[in-house]
Amino acid sequence: MDRSDWRQDRWRVKRILQAEQAQGEVFVQGWLRTVRRSKGVVFLALNDGSCLDSLQIVVGEDSPSFQVAGELGTGACIGVRGMLVPSPGEGQNWEVQAGLITVYGATDETFPLQKKRHGFEYLRTIAHLRPRTNAFGAVFRVRSRIAHAVHSFFQERGFVYVQTPIITANDCEGAGEMFRVTTLDPENPPRVDGRIAWHEDFFGSKTGLTVSGQLQGELFATAFTDIYTFGPTFRAENSNTSRHASEFWMIEPEIAFADLAVNCQLAEDFFRFMVSYALEHCRDDLEFFNKFIDNGLIERLEKVAGTAFQSMSYTEAINRLQRSGRSFEFPVAWGCDLQSEHERYLTEQIVGGPLFVTDYPQGIKAFYMRRNDDGKTVAAMDLLVPKVGEIIGGSQREERLDVLQHKMEAFDILPASLEWYLDTRRWGSCPHAGFGLGFERFLMYITGMENVRDVIPFPRTPGNARF
RNA sequence: UCCCCGAUAGCUCAGUCGGUAGAGCAGCGGACUGUUAAUCCGCUUGUCGUAAGUUCGAGUCUUACUCGGGGAGCCA
């Protein structure tokens with residue numbers, strides 16, 4: 001239900017532009033994208049973030065604010081009271097004939113945003129102002145809608161939303177380097193026998209920021225059957241790529257009584273639901289991306305929304321790569337992890353769309369993944385998509401206590417640190433599965449933006465935590 | 001962390017063989033009764049990333065460093 005008229009005292013630009021008839025006097029507030037002056041008339045383009053388009057404000061010589069309007073610059077924040085009338089000009093159906101204009105915040109010639117296209121790299125250096133641009137307005141509106149779509153999808157299907165902890169003492173999840181959380185004095189930490197006495201730290205043990213909510217998600221899946229998490233995740237890896245951030249958001253469903261096939265089906269349903277949702281609810285913004293960022297975007301999204309995903313086992317993928325006749329920088333051999341170039345070739349060249357690769361060799365995957373009957377592979381799956389690469393990683397979890405204990409031994413993980421995790425296998429264990437989807441990677445896929453730093457409001461990457 | 005590329009006006013970029021800095025946009029002033037990143041005329045803008053070196057002379061060549069980008073690894 002649309003309640004964007006929740007305030008009686010002013011209109012949002014989006015609602016005005018959707019008007020089907022003249023509305024009489026309106027009051028609007030926002031920021032100016034452009035100011036065009038002629039001898040007897042000033043045109044203002046007013047944007048309030050409600051939609052991509054701006055509202056045209058026409059200030060005639062008869063307006064009490066004609067003088068004021070002529071002195072406004074790009075970026076100024078104003079309120080306008082005026083009559084909403086059909087626009088005689090090209091390019092918009094409605095415009096506001098300005099009466100009184102209130103200037104909340106003027107700008108001067110040092111305002112960094114101009115009415116021209118800026119490079120994304122430059123805009124990253126002014127991340128506090130970039131939401132006021134067309135591209136980032138579109139990005140963050142889409143981000144908001146898609147976040148909502150995540151909850152819609154799972155809530156409609158009876159999944160319980162779990163807020164897994166951000167501070168955790170799990171140090172052996174194997175998903176990446178952790179940021180340390182401590183209140184010990186870094187200059188002079190307490191020591192026992194020369195080693196830092198972590199038991200004297202705030203939580204009585206060594207803690208860090210979560211690298212995944214999966215393990216706790218599994219605990220809740222053994223009570224609520226179907227659950228999901230959606231929250232921030234932190235990796236202290238020194239990754240300097242367009243696809244990695246130190247702080248990002250991840251969606252992790254975990255489902256009981258499910259094998260890998262059900263897991264893949266859920267991932268596909270989810271992915272396609274989100275794409276359809278974006279096409280339906282973010283149309284204007286997607287058209288902007290399609291026009292200025294990625295010309296094939298909408299066509300690609302529509303195809304993905306309407307087509308079943310392909311799937312192949314790791315073993316088959318290796319065979320297909322070997323038979324491709326293509327020479328890769330890294331050799332293709334069973335037992336080796338797929339390199340980025342291999343993944344790209346599979347999803348972009350061989351399949352030309354999203355692709356599940358399943359059943360990887362157990363040596364290259366995490367300890368908790370369920371061992372297959374062949375004794376060599378585990379029930380793991382990655383979803384690869386063109387341009388972005390790996391966007392989902394998941395697996396059926398090892399629910400057999402003895403097998404899991406052996407795996408932990410083989411991976412050099414001390415069972416003592418995860419007794420609570422093993423307890424779920426001790427009592428009332430059940431087959432279950434789950435996956436993680438990188439929210440920003442999905443946004444990259446949906447918007448065509450090519451850098452993870454440009455789909456997260458204030459990106460954190462090695463060497464940068466500004467704003 | 002490794003490999004490659006880059007850093008010149010507020011922004012986007014050009015700058016030849018080493019010879020002393022330039023275009024568009026923005027900004028400022030003016031013109032124009034309705035524009036769509038308006039148009040037209042005029043004007044202003046520089047520690048050439050930092051430090052050192054080679055040279056009569058360095059934006060240009062060399063080295064180191066800083067920052068940014070692309071790729072790789074790690075992964076989402």
Side-chain angles (χ1 to χ4, degrees), chain A residues 32-45 53-62 66 71 73-75 85 87-92 95 97 107-126 133-134 173-177 211-214 232-252 267 292 328-330 337-344 364-366 382-385 388-394 435-445 450-456 461-464 466:
Chain A
L32 297 181
R33 286 293 162 77
T34 65
V35 177
R36 293 184 292 270
R37 299 172 55 190
S38 273
K39 184 165 188 186
V41 61
V42 178
F43 296 95
L44 310 174
D53 290 326
S54 296
L55 175 65
Q56 173 153 286
I57 310 291
V58 185
V59 192
E61 276 179 303
D62 51 336
F66 178 69
E71 290 162 6
T74 298
V85 298
S87 175
E90 297 284 317
Q92 61 278 317
E95 65 185 25
Q97 291 283 351
T107 50
D108 59 25
E109 68 281 359
T110 61
F111 182 62
L113 292 173
Q114 299 163 17
K115 46 185 178 184
K116 58 164 279 193
R117 220 167 159 177
H118 291 281
F120 290 134
E121 295 162 31
Y122 169 67
L123 291 170
R124 259 170 239 154
T125 69
I126 50 168
T133 63
N134 287 337
E173 294 173 21
E177 283 296 309
V211 293
S212 167
Q214 181 200 316
T233 307
F234 307 88
R235 304 269 168 96
E237 300 285 352
N238 192 7
S239 293
N240 292 291
T241 81
S242 55
R243 320 184 294 289
H244 290 84
S246 308
E247 176 183 296
F248 63 99
W249 282 58
M250 191 155 61
I251 297 140
E252 296 178 288
F292 292 108
F328 295 100
E329 190 187 338
F330 294 90
D337 212 348
L338 295 175
Q339 305 292 315
S340 285
E341 57 170 345
H342 305 145
E343 294 181 343
R344 272 204 311 275
I364 60 173
K365 286 292 182 182
D382 284 347
L383 179 66
L384 311 178
V385 297
V388 178
E390 183 180 343
I391 201 165
I392 285 177
F435 63 83
L437 175 136
F439 188 52
E440 284 76 19
R441 290 204 182 158
F442 183 78
L443 289 170
M444 289 166 72
Y445 184 78
E450 289 183 343
N451 195 309
V452 71
R453 297 170 183 86
D454 296 329
V455 294
I456 194 163
T461 51
N464 178 30
R466 285 188 70 208

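A, B, ... follow the sequence lines: proteins, then strands. Residue 1 opens every chain.
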*asked:* Can you check the distance between B:rU66 and B:rG30, where both ends of the measurement are the P atom (answer in whole Å)?
replied: 49 Å
*Can you tell me, in whole Å, how much space there is between the C1' of B:rC25 and that of B:rU44?*
15 Å
*Record whether the side chain of A:Gln56 comes under 3.5 Å of the base of B:rU35 through a donor-acceptor pair of N or O atoms.*
yes
*Return one dot-bracket line describing RNA chain B 5' to 3' (Watson-Crick or G-U wobble pairs, both distances under 3.5 Å; ( ) same strand, [ ] crossing, | another strand, . none).*
(((((((..((((.....[..)))).(((((.......))))).....(((((..]....))))))))))))....
_By side chain to side chain contact (heavy atoms under 4.5 Å, CB included) - contacts of A:Arg243 (at least two apart)_ = A:Thr241, A:Ser340, A:Arg441
*Closer than 4.0 Å, any side-chain N/O of A:Arg124 to the OP1 or OP2 of B:rG69?*
yes
*Give one of base, sugar-phosphate or nothing for A:Ala245, where a contact means two heavy atoms less than 4.0 Å apart.*
base
*Counting side-chain heavy atoms from C-beta on, which of B:rU12, B:rU35, B:rA72 comes nearest to A:Tyr122?*
B:rU12
*Got A:Thr107 and A:Thr74 here, is their nearest side-chain heavy-atom distance under 4.5 Å?*
no
*Determine, stepwise, if the pair A:Arg235 / A:Thr233 fulfils side chain to side chain donor-acceptor pair (under 3.5 Å).*
CA-CA 7 Å; A:Arg235 304 269 168 96; A:Thr233 307; 6.0 Å; no
*How far, in whole Å, is B:rU62 from B:rU55 if one measures between their C1' atoms?*
12 Å
*Assign each of A:Gly119 and A:Val35 to its nearest nucleotide of RNA chain B by heavy atoms, then name whichever residue's nucleotide is nearer the 5' end.*
A:Gly119
_Sequence-distant partners of A:Phe111, ring pair (Phe, Tyr, Trp, His ring centres under 6.0 Å), two or more places apart_ = none
*When rounded to the nearest Å, what value does the distance between P atoms of B:rG59 and B:rG22 take?*
14 Å
_So, does A:Thr241 get its side chain near the phosphate of B:rC74, meaning an N or O under 4.0 Å from OP1 or OP2?_
no
*In Å, rounded to the nearest 0.5 Å, how long is the span from OG1 of A:Thr133 to CG of A:Leu123?*
5.5 Å
*Quick one: side chain to side chain contact (heavy atoms under 4.5 Å, CB included) partners of A:Ser38, sequence neighbours excluded?*
A:Val41
*At under 4.0 Å between heavy atoms, what does A:Glu252 touch on the DNA or RNA strands: base, sugar-phosphate, or nothing?*
nothing
*So, A:Arg453 versus A:Asn451: side-chain donor-acceptor pair below 3.5 Å or not?*
yes
*A:Glu450 (side chain) and B:rG69 (base): donor-acceptor pair under 3.5 Å*: no
*What nucleic acid atoms does A:Leu113 come within less than 4.0 Å of, heavy atoms only: base, sugar-phosphate, or nothing?*
nothing
_Given 3.5 Å as the limit, does a donor-acceptor pair link the side chain of A:Glu341 with the main chain of A:Phe330, or not?_
yes
_Minimum-distance nucleotide (side-chain atoms of A:Gln92 versus B:rG69, B:rU12, B:rU35)_ = B:rU35
*What nucleic acid atoms does A:Glu90 come within less than 4.0 Å of, heavy atoms only: base, sugar-phosphate, or nothing?*
base
*With C1' as the reference atom in both, quote the distance from B:rA26 to B:rC65 in angstrom, rounded to an integer.*
33 Å
*side chain to side chain contact (heavy atoms under 4.5 Å, CB included) with A:Arg33: which residues, sequence neighbours excluded?*
A:Ala45, A:Asn47, A:Ser54, A:Asn134
_Check this one for me: any side-chain N or O of A:Ser242 less than 4.0 Å away from OP1 or OP2 of B:rG71?_
yes
_Face-to-face contact A:Phe43 to B:rG34 six-ring, under 5.5 Å, under 30°_ = no
*Mind checking A:Ser239 for me? I need base, sugar-phosphate or nothing, with any heavy atom below 4.0 Å counting as a touch.*
base
*asked:* Quiz question: going by heavy-atom distance under 3.5 Å, is there a donor-acceptor pair between the base of B:rA76 and the side chain of A:Arg235?
replied: yes
*Position toward the 5' end of RNA chain B (nearest nucleotide), A:Met250 or A:Asn238*: A:Asn238
*Touch check for A:Gly91, heavy atoms < 4.0 angstrom, all strands: base, sugar-phosphate only, or nothing?*
nothing
*Classify the side chain of A:Gln97 versus the base of B:rG34 as yes if they form a donor-acceptor pair under 3.5 Å and no if they do not.*
yes
*What pairs with A:Asn240 under side chain to side chain contact (heavy atoms under 4.5 Å, CB included), at least two apart in sequence or on another chain?*
A:Asn238, A:Pro462
*asked:* Suppose we call a contact any N or O donor and acceptor under 3.5 Å apart; does that hold for the side chain of A:His118 and the base of B:rC11?
replied: no
_Holding to ring pair (Phe, Tyr, Trp, His ring centres under 6.0 Å), I want the full list of residues that pass it with A:Phe328, two or more places apart in sequence or in another chain._
A:His342, A:Tyr345
*A:Ser340 side chain: which of B:rA76, B:rA37, B:rA72 is closest?*
B:rA72
*Kindly write out the residues that satisfy ring pair (Phe, Tyr, Trp, His ring centres under 6.0 Å) with A:Phe292, not counting sequence neighbours, or none if the list is empty.*
A:Phe288
Could you write out each protein N or O paired with an N or O of nucleotides 22-32 of chain B at a distance under 3.5 Å?
unit_1	atom_1	unit_2	atom_2	d
B:rG24	N2	A:Lys116	NZ	3.3
B:rA26	O4'	A:Gln114	OE1	3.4

_P spacing across the pair B:rC32 / B:rA37, given as an integer number of angstrom_ = 24 Å
*Can you tell me, in whole Å, how much space there is between the P of B:rG49 and that of B:rU12?*
14 Å
*Considering just the side-chain nitrogens and oxygens of A:Asn451, establish if one lies under 4.0 Å of OP1 or OP2 belonging to B:rG70.*
yes
_Span that lies between the P atom of B:rC5 and that of B:rG10, in whole angstrom_ = 28 Å
*Would you mind telling me which of B:rG34, B:rG73, B:rA72 lies closest to the side-chain atoms of A:Arg344?*
B:rA72
